[in-house]
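Note sheet for the following structure.
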2 protein chains.
Amino acid sequence: MRVPRKTGNSKLVKKLNKGEVLQQVIQHGQISRADISKETMLSRPCVSALVEEMIQEGLLHEVGMGDSKGGRKPILLEYNYQAYAIAGVIFEGTTLDMAIADLKGEFLARYRKRLALPSNGETVIEDLAAGLEQLLEESGIERERLLGVGVGLQGVTQRGSGTVSFSPSTGWMGSPIQQTIEERLGLPVIIDNDVNMMTLGEYVRGAGVGHSNVVYMYVGTGIGAGIILDGQFYRGSREAAGEIGFMMIGPVNNRPNDASGVFETNYSTSGILQQAKGFLSDLQEGSSVIEELIRLARQNNADAQRLLDDVYRHWAYGMANIVSVLNPELLILSGEMVHVDEEGVKRIHDWLNEWVPEVPSLEKASLGERAGLIGAVHCVLEAFPFSRLLDKE
Amino acid sequence: MRVPRKTGNSKLVKKLNKGEVLQQVIQHGQISRADISKETMLSRPCVSALVEEMIQEGLLHEVGMGDSKGGRKPILLEYNYQAYAIAGVIFEGTTLDMAIADLKGEFLARYRKRLALPSNGETVIEDLAAGLEQLLEESGIERERLLGVGVGLQGVTQRGSGTVSFSPSTGWMGSPIQQTIEERLGLPVIIDNDVNMMTLGEYVRGAGVGHSNVVYMYVGTGIGAGIILDGQFYRGSREAAGEIGFMMIGPVNNRPNDASGVFETNYSTSGILQQAKGFLSDLQEGSSVIEELIRLARQNNADAQRLLDDVYRHWAYGMANIVSVLNPELLILSGEMVHVDEEGVKRIHDWLNEWVPEVPSLEKASLGERAGLIGAVHCVLEAFPFSRLLDKE
DNA sequence: TCTTTGTTAGTAAAGTTAACTAACTCTATG
DNA sequence: CATAGAGTTAGTTAACTTTACTAACAAAGA
């Protein structure tokens, strides 16, 4: 059996069953002991005992009576989402974005700060710690009830070892940052790439809800993807899965250096801008290339129309490749792609229908800038499966 | 907990522990009770009891004494691989290839038959049943000790429902073939696509041993792949994962119909033959296009050299795409690709190094035509995890 | 009166620890 | 050189603990 066991004693069973009971309560929102017994195949006395313990531990609440089904009314139980809390952190370019959330993932307080640049690793961590204090105060949560902190950042993270190999904006290049933050905060920390965090956020709360094979495709100044297969995040053998910017799409010999992939070089926003140089005047800060191209195309600018079509077509190539390999049921479009208009999405979808069998649904990311934070919170929830709560006592 | 439970009683634990003990024995080949206790964290008396039961059930054997480590000599235990048996079946074009194996996956007898064409579903099943009888007789295994039959066939299989949606050679188009065979044989049956079976075979016994993120890439008259991620077979949301023949590689508009993918149309053996028409006389039955091209290229035939380079390059495109998405640690080359010479493999590898980070090892399939059968046997072994054996009694 | 919910009490299953027997190695000593 | 006995390791027996089960019952309602 794959279940991790510490002592090999039979308490294991109890914990498993307790976890199962807890899961039932969470799943159903409100449920009675009798119904838990039916769902779990555990006897009613056993369920009663487990529930009793969890009420003592503060994990469950009795919330009132349900409707009778021809006999005594059931006592409804509810999960105490306030029993513990979690913090999420996202470094997005030069801003630090944080939130504290309950076990449901609901935000209880939020905090943002513009980082002073150039930042070095130390000041950034102090900013983070200060933000956390602020959040704790604002939400009225005691520090002991914090389970952990999820941190998302741009760059290449090695989740296993908790190190960052490339992350200019935070000044954390190459350091074992997870451990450093853990020591500063005195809390468990999970770090991950920001695209992964957004993927997770959309998966649990956004466009991906209800699916289990999802690819989150991001086009910005780079191109990347987050991949969830059979309900599990897939990271690859060396955390490099989803580096779809390296697919062989478009001219092969344009690349400025080995760190930029072919697809990325040609069809990320920077690649598109390069191609649009002839007819597109400089964009102002914060505006979108695609929106601009769409605007021009609607004014019958032939260059813009041609380029837009080319971009859509090659993005569709990328999707076709992904679909061929992974056969996901859903492709979430994010970054620059959320600006594609309805007609554009339809065009892409039609191409896919022509090229590949089993075309997935295409949906735009639905959580906007909150996706990353939500993901950061949920990655902690995932890392502390409910069974872990049962250890705390 | 995800573990399926039938009765919710505490016998579950025992079965889990029994399974763990069994797994230790299998893993170590020979091991003593004391060492099992250390590995599993179960107490020695508990291990003794479980082992005793399994010896009674015929699953384990005492095989002698081990070396003393300063005290009493340990009694070594061994798994009884002969306790049960498994059959594997592959329909390969017009031949039926079968084997019966022990729980180690070692073949005990083998059977081949050329099928009469045109075959219809019924005669094929009778051929299969006859083959099984023969195998049982030849190996001296009693029917009751057969755990199940793994069947691999060309075509699109829906493993969940046990149906085949496309399989001209067997005449089983669209039928719930798994159930039909189960009823005819009176044994559990697992069906799967032949490429999947070969993938599994190479994974457990061939080039893939010791890796857990493996892509098995097959180029023949079609192009396909089998995918193993984090040690699990990945099939996609509708069993269409690994349909890499649909990647967007090469000219898009050559396709004869929607059932052929772009990559496949251009760079499967048929696609290559198409391109070689000008200078390659017809091949005789059973010879390889690539071998032929390599032969001609070595004779300084410029056309052959150009085409071969083009083929290698575009195969490498395919690999680069796969690697970008999945970051496997190993890519197994099979089908026509096993004929690529050392220099060709090196050229492909160099390209990959240029194009993508984290290039996986490239290895040719090592089991030849036995891969599929080995996979068919192992897929039954996987489907009947050892814990299941403990139910049999 | 019949159902459904929840609890109490006694029992059974499967693990644990502690203590014991068995069998072997190593070393010191006559 | 052989050999007693001290120390180790393997496996078993016995008593105890944990945890879930069944059966019976009380509470509350249709």
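All figures in this text were calculated on a predicted structure; none of them were measured in a lab.
- For the pair A:L76 CG and C:dT5 C1', the interatomic distance rounds to 12 Å; values are reported in whole Å.
- A distance of 12.0 Å separates CG in A:L59 from CG in A:L50, rounded to the nearest 0.5 Å.
- Separating the CG atom of A:L16 from the C1' atom of D:dT18 is a distance of 15 Å, rounded to the nearest angstrom.
- Rounded to an integer number of Å, the gap from A:K15 NZ to D:dA20 P is 13 Å.
- The separation between A:I36 atom CD1 and C:dT4 atom P is 18 Å, rounded to whole Å.
- Considering only residues two or more places apart in sequence or on other chains, A:Q56 meets the side chain to side chain donor-acceptor pair (under 3.5 Å) condition with A:E52.
- Contact between the side-chain N/O atoms of A:N17 and the OP1/OP2 oxygens of D:dT19 is not found at any separation under 4.0 Å.
- Comparing B:A34 and A:C46 along DNA chain D, the residue whose closest nucleotide (by nearest heavy atom) sits nearer the 5' end is B:A34.
- Under the 4.5 Å side-chain criterion, counting only non-hydrogen atoms from C-beta, B:D35 is not in contact with B:H28.
- For A:E182, there are no salt bridge (Lys or Arg N to Asp or Glu O under 4.0 Å) partners, not counting sequence neighbours.
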Scan nucleotides 18-27 of chain C against the protein and return all N/O pairs shorter than 3.5 Å with their distances rounded to 0.1 Å.
unit_1, atom_1, unit_2, atom_2, d
C:dA23, N3, B:R72, N, 3.2

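- The CG atom of A:L42 sits 14 Å away from the C1' atom of D:dT22 (whole-angstrom rounding).
- For A:S43, whose side chain is taken as the heavy atoms from C-beta onward, the closest listed nucleotide among D:dT22, C:dG6, C:dT16 is D:dT22.
- Atoms NZ (A:K14) and P (C:dG15) sit 18 Å apart, rounded to a whole Å.
- Not one N or O on the side chain of A:E78 forms a donor-acceptor pair closer than 3.5 Å with the backbone of A:H61.
- In this structure, CD of B:E52 is placed 8 Å from P of D:dT12, rounded to the nearest angstrom.
- Enclosure of atom CZ in A:R238 is not indicated, since only 12 or fewer non-hydrogen atoms of other residues, nucleotides or ligands lie within 6.0 angstrom.
- Atom CG in A:N17 sits 12.5 Å away from atom NZ in A:K15 (nearest 0.5 Å).
- In this structure, the CG atom of B:L50 is 15 Å from the P atom of C:dA13, given to the nearest Å.
- Remark: B:S48 is in phosphate contact with D:dT12, judged by side-chain N or O atoms under 4.0 Å from OP1 or OP2.
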